[in-house]
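As a basis for the values below, the full set of heavy atoms in this structure was taken, side chains included, without hydrogen atoms, waters or symmetry mates. Count residues from 1 along the sequence.
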Amino acid sequence: MFEIKAKDGLGRIGKLSIGKKKVETPTLMPVINPNKIVIAPKDMSDYGAEMLITNSYIIYRTQKLKEVALEKGVHKMLDFDGVIETDSGSFQMSAYGDIEIENKEILQFQKDIGVDIGTFLDIPTHPDEPRRKALSDLEITLERARESFEFDLNLNGTIQGGTHLDLRKKSAEEMSKLPFTVNPIGGVVPLMMEYRFSELVDIILTVKGNLSPARPVHLFGAGHPMLLSLSVLLGCDLFDSAAYVLYAQDSRYLTSYGTKKLNEMKYLPCNCPVCRKYTAQELINENDQKRLELLSSHNLYATFEELKIIKEAIHEGNLFELVETRIRGHPRLLLAYRRIKDYYDILEEYDPFTKRSSIFYTGEESNLRPIVKRTKDRIKDIKSKKYDQHLFFGKFPKELEFTYPFGQCEMEEERRDKGDPELKDEAIVKVIADYQFGPNVGQKLFHDVVVKRSKTGMIRYVFDKNGAMLATIRARDGLFTPNIEGLKRLKDIIPYPRYRIIVDDEAAPFIKEGANVFSKFVLSLDNNLRAYEEVIIVDSKDNLLGTGTLMLSPREVKAFERGMAVKTRWGIDKNTTPENQIEE
Ligand code: GUN
Ligand code: ZN
């Protein structure tokens, strides 16, 4: 089971539940080679690992390991009680071609040793494989996928298709129909080894566009910290790292901005326990085994540190900014990021409408963010003026001076066209309403009103002429949260089904009392809505129930069985929370 807690771009902070165990995503599974353990599984939680991946095929064909695993189970064998995922030997098969095992045999074995998530025997397609072979291998992979469900085991459904995007699409569509727990994107290791990141972006976004958004996505074989933020932005949730050991074997030092050769380093630019204790020279002077352990340890710390940076960026809503700094770590990453311009529709659909932090312009790639075109489209018809505006370089309505994203946008130079002191407060609130709820809503919503400013001089409250509060402007982003009276007006002004989320009549009494709306109770919703917009909650007959913040994009609301769809602010029968009071 998977649910989303926070979003930015296509990235999400999620909660993956496997039985009673829970993992917060995005996360990374350190790869454990049971024949060659460098960092003990029991120490992995010190790094932040909640989940490991090991290879069931290696265990299966190593007699001693096989006996222990069958007798005690894989958790006791590795001495790790978190989530253990196993791969199936597919990768050995593609690399060495000598694997002698059947799909059902390795699935049964994974079940027998008690893994939390198993993997069926997919055929990894090499990126340079011609289409005909890629297709015939995909057909075998899909056939094996379909025969994998007789074992009562949580499963990875690996998506193949090589660099043939039509095959990736077909693969993602077919996998969506089958009850897999996670869908890895497979066959991409050679692309990453060769820095073919543009093709990787095409594959990830093609898969994301055709796979249910309720599925966690694992980018198989990705564990270099440099690549993590971009992959998360594009919607990947899980990663695995053999890199921490493989690079250490080669005396390479991982950072979020690239790989360094230890022998050429003088300072260790990191504050992990290893880098605090050792100088580069001391590490170089260690014996091979000790150096391997220390460097693997640093590499793993650096990787988990980057994951925390990424999660904080999702929380704050500045993941695009983070990625735009990370892609400067390698010119091929910079080039790859520019591919997002061909995937505007999917990025725009999932990217939230408002964010906690300001927008920073980091360079010309910032123009490719979906918010630039979205804003242009949204604003062109408001205020009966034509705005041919560009978020970063255009003119925008002066009334939106404090409204997201215009008022929270930092450029190289300070913006000069500040608000117009001649503007009347009533005119300002009307334009903000037009921007937020659609052209011509403001005029009707805020007809004959009294606008009040806060102590700090910001427009804050709109009342009707009888003193009933219609809406509040949120200080953070200058957007409205409607109160009940304003909500009633909005519902009358905006024709059904715009701006609405329609819930099951069974849930209606609870929502009227202020309960949150869970995805499973949603009958339908306006597909033009975006995550973090304020919505009108109604029952099946368009009776008003309340209002709140939409937490997911519409496609996610429809796909998820679990989790919150709307964080309710007001239920129509319960609207006396402290937010209804004016702050003095
Ligand atoms: N490890 C890295 N890539 C792959 C893949 O495509 N399939 C499987 N099963 N494991 C992998
Ligand atoms: Zn370090």
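Checking Asn183 against Arg215 by side-chain atom types alone, a donor-acceptor pair falls below 3.5 Å. Side-chain contact of Asp137 with Gln160: a donor-acceptor pair under 3.5 Å is absent, judged by distance alone. At a cut-off of 3.5 Å, with distance as the only test, no side-chain donor of Ser296 or Glu293 sits close to an acceptor on the other residue. Looking only at atom types and distance, the side chain of Ser90 has a donor-acceptor partner in the side chain of Asp122 under 3.5 Å away.
Using a 4.0 Å cut-off between a side-chain N of Lys or Arg and a carboxylate O of Asp or Glu, Glu316 and Lys311 do not qualify as a salt bridge. Contact check on Arg369 versus Glu324 returns a salt bridge, with a Lys/Arg side-chain nitrogen under 4.0 Å from an Asp/Glu carboxylate oxygen. Using a 4.0 Å cut-off between charged nitrogen and carboxylate oxygen, Glu305 and Lys308 do not count as a salt-bridge pair.
Judged by a 6.0 Å distance limit and a 45° cone about the ring axis, Lys66 is positioned over the six-membered ring of Tyr60.
Considering Thr303, Asn299, Thr259 as possible partners of His224, the one that fulfils the side chain to side chain donor-acceptor pair (under 3.5 Å) test is Thr259.
Not one N or O on the side chain of Ser256 forms a donor-acceptor pair closer than 3.5 Å with the backbone of Met226.
In terms of the side chain to side chain donor-acceptor pair (under 3.5 Å) criterion, Asn263 has no residue partners (sequence neighbours excluded). For Arg12, the salt bridge (Lys or Arg N to Asp or Glu O under 4.0 Å) partners at least two apart in sequence or on another chain are Asp237. Tyr47 is linked by a side chain to side chain donor-acceptor pair (under 3.5 Å) to Ser297, counting only residues two or more places apart in sequence or in another chain.
A centroid separation of 6.0 Å or more is found between the aromatic rings of Phe239 and His218.
Among residue pairs with one or both ends in residues 148-187, those qualifying as ring-ring contact (aromatic ring centres under 6.0 Å, His included) are Phe120-Phe180, Phe149-Phe180; sequence neighbours excluded. The ring-ring contact (aromatic ring centres under 6.0 Å, His included) pairs that include a residue from residues 2-41 number zero, where partners must be two or more places apart or lie in different chains. The ring-ring contact (aromatic ring centres under 6.0 Å, His included) contacts involving residues 308-349 comprise Tyr195-His330, where partners must be two or more places apart or lie in separate chains.
Surrounding NZ of Lys290 are at most 12 heavy atoms belonging to other residues, nucleotides or ligands under 6.0 Å away. Counting heavy atoms of neighbouring residues, nucleotides and ligands inside a 6.0 Å radius, atom NZ of Lys520 does not exceed 12 of them.
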Point to revise | Working for salt bridge (Lys or Arg N to Asp or Glu O under 4.0 Å), residues Lys355 and Asp351 | key: CA-CA 10 Å; Lys355 305 187 184 187; Asp351 194 31; 2.8 Å; yes
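Note: Ile117 CD1 to Ile84 CD1 = 11.0 Å, rounded to the nearest 0.5 Å.
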